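The structure appears below as C-alpha cells.
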Amino acid sequence: QFETHPLAPFLPPHARLLMLGSFPPQRKRWSMDFFYPNMQNDMWRIMGLLFYNDRHHFELKGEKRFNKEAIVKFCTEKGIALYDTAETVRRLKDNASDNHLEIVCPTNVEALLTQLPQCLAIATTGEKATNELIAQYHAPKPKIGEATTLQIGTRNLPLYRMPSTSRAYPLSIEKKAAYYHAMFHDLGMLP
C-alpha cells in the first residue's frame, strides 16, 4: 500500500536553508499538522534549545503536542524551508522507522529549489534522507555534522548531513543540538 506525502512543502520565499527528512510518520503519531509532528521526535526541542535556550519552547504546556503556529512563525522568520526526500512511500512494517520505508517516488528537489532563490544550503535530518539525495545527485556521503557539495541544476549547494532527531537515534539531545548549532553557525543563522 502506497502513501503519498500528506503535507505541502513549507517554502518561505526568503528561506536560506532547506531541511529534508525522509517522510512523516503515520498520522496516529502526529501531535500537530506540520513537519516533525511526533512527540517522540526532538527536532523542535533542539530548535528550542538552540534559539531560545529552552528545549520546551515549542511545546504547549499541559498538552502532549507542539505549538504549530509558533513553529511556523519561527521557521518563516529564520528562513527555514521544510520538506522530505520522498513523495510516495511504502511502509514495510507498521511503524515510523526509516529502516522499513521504501521510497517509491523521490522528491524533485530541483523543483523545490526553484522556489527558494535565496537558499544557501540543504540539510538532511537522517540516514535515509541523506542516502536518497547523494544517490540522486551522485555526491560523496559526508560524515554526520559535515557537508559535501551537491550540484542540482545550475546550483552548487552544501549538503549538511545532520543526525536524526528521532529518539531511536542513540545520541543525547545536547549532542544532536551541538551538530545543528555548528551548521546554523556556518550559515550565519546563529552566533
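The shown structure was predicted, so the numbers you read here are calculated from the model rather than taken from an experiment.
Residues T165 and Y180 bring no donor and acceptor atom of their side chains to less than 3.5 Å of each other.
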Might you work through the ring pair (Phe, Tyr, Trp, His ring centres under 6.0 Å) test for F34 and F66, ending with a clear yes or no?
-> CA-CA 9 Å; F34 199 61; F66 292 113; over 10 Å; no

Taking it one step at a time, do F74 and Y52 satisfy side-chain contact (heavy atoms from CB on, under 4.5 Å)?
-> CA-CA 11 Å; F74 162 78; Y52 302 98; 3.5 Å; yes

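Taken to the nearest 0.5 Å, the NZ atom of K78 stands 10.5 Å off from the CG atom of L50. The line from CG of L112 to CG of L82 is 11.0 Å long, rounded to the nearest 0.5 Å. In this structure, CD in E146 is found 9.5 Å from CE in M162, a value given to the nearest 0.5 Å. Separation of atoms CD (Q136) and CG (N108) is listed at 8.0 Å; rounding is to 0.5 Å. Separation of atoms CZ (R16) and CD1 (I80) is listed at 10.0 Å; rounding is to 0.5 Å. The CE atom of M32 sits 3.5 Å away from atom CD1 of I71, with the distance rounded to the nearest 0.5 Å.
Checking each of L113, L133, N156 against L150 for a side-chain contact (heavy atoms from CB on, under 4.5 Å) leaves exactly one that passes, namely L133.
Put simply, the side chain of R161 does not reach to within 4.5 Å of the side chain of M183, judged on heavy atoms.
Taking every heavy atom of both residues into account, R91 and P24 meet most closely at NH2-O, 2.7 Å.
The aromatic rings of F35 and Y83 sit perpendicular, their planes meeting at an angle over 60°, well past the 30° parallel limit.
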